[in-house]
Number of protein chains: 2
Amino acid sequence: MSIKTKVGFIGLGAMGRGAVSNLLAKGFDVVGCDVRSDALDWLRAQGGTPACSLAELAAQVQIVVCFVVNSQQTEAVLFGDDGLVGELAAGAVFIACSTMDPSYVRALEGRLASHEISLIDAPVTGGAVGAERGTLTIMGSGTREAFDLALPVLRTFGSRVHYLGPAGSGAQMKVLNQLLCGVHLAAAGEALALAKHQGLPLDLTLEILSSGAASSWMLADRGPRMVAGQFDDISSAVDIIVKDMSLVLDATRESRFPAALAHAAHLAFLGTTARGLGAKDDSAVTTHYELAAGMP
Amino acid sequence: MSIKTKVGFIGLGAMGRGAVSNLLAKGFDVVGCDVRSDALDWLRAQGGTPACSLAELAAQVQIVVCFVVNSQQTEAVLFGDDGLVGELAAGAVFIACSTMDPSYVRALEGRLASHEISLIDAPVTGGAVGAERGTLTIMGSGTREAFDLALPVLRTFGSRVHYLGPAGSGAQMKVLNQLLCGVHLAAAGEALALAKHQGLPLDLTLEILSSGAASSWMLADRGPRMVAGQFDDISSAVDIIVKDMSLVLDATRESRFPAALAHAAHLAFLGTTARGLGAKDDSAVTTHYELAAGMP
């Protein structure tokens with residue numbers, strides 16, 4: 001009988017829970033931390049082990065998966081009071097799955113290396129559904145040695161696990177991914193608001209636009225909510241895409257790359273949140289265009 | 001034995017030939033006109049009847065399909081020297097499949113009505129392949145009576161034949177379609193140029209971006225040519241999308257609709273043609289971003 005590998009897991013939100021379920025189902029032990037006590041109750045009910053502190057978690061594992069929201073939370077998990085750094089054993093691997101600024105990630109690798117911790121920068125795409133089904137696309141990067149250690153873990157919740165190069169490459173790829181997601185989402189909002197402005201039948205418009213060369217994943221997924229004008233069923237909030245597009249703009253500015261469409265899309269999301277819709281589903285971007293065009 | 005319905009057909013380019021092949025295969029007689037004599041030879045070889053003039057064509061038919069390039073050519077076909085108007089019998093139906101300005105189309109309906117000719121505004125999407133296979137999406141509009149007369153003809157080369165409302169609705173829908181095509185195409189160029197700028201592996205980048213929420217029809221279709229940097233295999237030229245996006249901008253200006261993404265995409269295509277790449281495949285828009293970012 002083999003001894004199960006124990007994995008540390010931080011951040012038990014919708015994405016994290018999906019990943020943990022797959023880790024447990026595929027033979028790993030999971031010791032987890034989250035700021036919310038109901039998340040720890042959930043973990044215990046799944047057969048995992050809640051930890052009372054990051055230090056308690058760090059004492060038990062060589063590999064930690066981190067599914068927090070952004071670089072600020074990642075920084076706190078690692079270097080905050082009661083953070084992992086100083087507690088994790090030499091040789092540990094820290095797998096960061098959050099969407100973060102590539103330049104922050106590159107610097108982080110060096111900061112962790114001085115504590116003999118390897119960073120795997122591994123943002124994901126595929127949403128909560130992909131995490132639950134174990135079908136996430138994972139954009140992995142870091143040293144090849146650390147990536148090989150992380151791979152069995154990543155394969156439990158990702159069906160397309162890619163190795164892209166040095167740490168920061170994963171974050172760069174996620175930036176590209178979000179650039180296209182943001183532009184396609186805003187474009188769907190722009191086109192459907194224009195259709196409404198012109199009095200075209202909206203259901204049929206969406207059917208036609210989704211059927212050919214004008215189609216995108218975002219149009220097919222968010223288009224029906226735009227047509228219905230229903231933004232309370234939240235798949236991802238406007239404020240999240242504002243944050244992601246801010247990362248895109250930061251990365252393009254740092255690269256001295258003039259990304260005109262990314263900027264135009266960002267302005268549409270900013271305009272949406274400026275109207276008080278930041279907590280609504282991101283398909284609400286179509287209302288930015290409606291209001292800008294003087295529609296009621 | 002039934003007598004075959006004879007249809008007039010003007011514009012035997014790649015799209016037109018596909019449509020004619022389907023008309024002939026599905027039991028219509030076709031009498032055709034084109035400015036190029038090799039196109040008339042092609043029509044004869046297919047079993048159709050070339051006409052020496054538009055007047056000769058007009059004398060034989062009650063329904064005409066027009067697949068010329070734009071509104072200038074449509075205007076010449078109808079109102080130029082030896083044009084159809086004055087020759088077509090009262091009650092004839094003119095089916096315009098070109099991509100044209102909606103306001104031009106709306107005015108055209110009235111101008112034709114005064115000659116007792118009904119206009120069916122029916123732009124298409126699906127490309128030459130769709131025309132050949134009879135699988136075009138057709139955005140039909142005009143009076144319901146005329147549309148019913150046109151329907152058996154349209155169904156020979158379109159598998160999704162929609163009725164959208166008054167003449168001009170089809171042109172409006174095509175404008176929306178081109179808006180999204182143009183934005184998605186430029187966005188693919190922006191993202192892949194940025195990936196190249198950052199030294200990411202391009203084939204893998206395209207695979208990852210095409211696999212999830214960042215995907216679009218344009219990225220999947222034009223992305224491989226962008227990655228290969230190969231723009232001589234021309235599916236559709238940069239100058240065509242410049243023309244189409246100009247129609248989009250005209251339509252949004254007329255509607256007082258601030259379509260920021262459409263404008264940003266248009267500038268990318270203009271920048272591409274300004275570099276002397278207007279006759280290249282429209283995937284060449286990625287070079288606009290490369291050059292703008294100072295890449296060699």
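Below, chain A is the first sequence line, B the second, and so on; all start at residue 1.
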Taking atom [atom1] of [X] and atom [atom2] of [Y], what is their separation to the nearest 0.5 Å?
X         : Y         : atom1 : atom2 : value
Asn177(B) : Ser211(A) : CG    : OG    : 7.5 Å
Tyr289(B) : Leu261(A) : OH    : CG    : 4.0 Å
Glu190(B) : Thr252(A) : CD    : OG1   : 8.0 Å
Leu209(A) : Met173(B) : CG    : CE    : 6.0 Å
Ile208(A) : Lys174(B) : CD1   : NZ    : 12.0 Å
Leu176(B) : Leu200(A) : CG    : CG    : 6.0 Å

Checklist entry - Thr137(B) versus chain A, heavy atoms under 4.5 Å apart: side chain, backbone, both or neither? => result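 Thr137(B) touches chain A through side-chain heavy atoms alone.
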Applying a strict 4.5 Å limit to non-hydrogen atoms, the region of Ala193(B) in contact with chain A is both
Pick one of side chain, backbone, both or neither for [X], based on which atoms fall under 4.5 Å of a heavy atom in chain B.
X         : result
Leu179(A) : side chain
Ala188(A) : backbone
Glu207(A) : side chain
Ala262(A) : both

For each of [options], tally heavy-atom pairs with chain B at distances under 4.5 Å, and name the one with the top tally.
options                                    : answer
Val183(A), Leu192(A), Thr205(A)            : Thr205(A)
Arg160(A), Met139(A), Met218(A), Met295(A) : Arg160(A)
Gly165(A), Ala265(A), Ala191(A)            : Ala191(A)
Thr125(A), Leu219(A), Leu194(A), Leu204(A) : Leu194(A)
Ser169(A), Gly126(A), Pro258(A)            : Pro258(A)
Ser215(A), Ala293(A), Ala213(A)            : Ala213(A)

Looking only at heavy atoms, the pair that brings Ala214(B) and His184(A) closest together is O-CE1, 3.1 Å
Q. So, do Pro201(A) and Leu164(B) sit near enough that their side-chain heavy atoms are less than 4.5 Å apart?
A.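 When only atoms from C-beta onward are counted, Leu164(B) and Pro201(A) do touch, with a gap below 4.5 Å.
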Item to complete: May I ask you to check whether over 12 heavy atoms, not counting those of Arg133(B), lie within 6.0 Å of atom CZ?
Response: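 Incorrect, the count does not exceed 12.
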Of the listed Gly199(B), Ala264(B), Ser255(B), the one with the largest count of heavy-atom pairs under 4.5 Å with chain A is Ser255(B)
* Against chain A, work out which of Ala251(B), Ser216(B), Ala268(B) has the most heavy-atom pairs shorter than 4.5 Å and name it. =>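 The option with the most such pairs is Ser216(B).
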**OP:** Could you tell me how the ring of Phe257(A) sits relative to the ring of His197(B): parallel (under 30°), tilted (30 to 60°) or perpendicular (over 60°)?
**Re:**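 Rings of Phe257(A) and His197(B): tilted, 30 to 60°.
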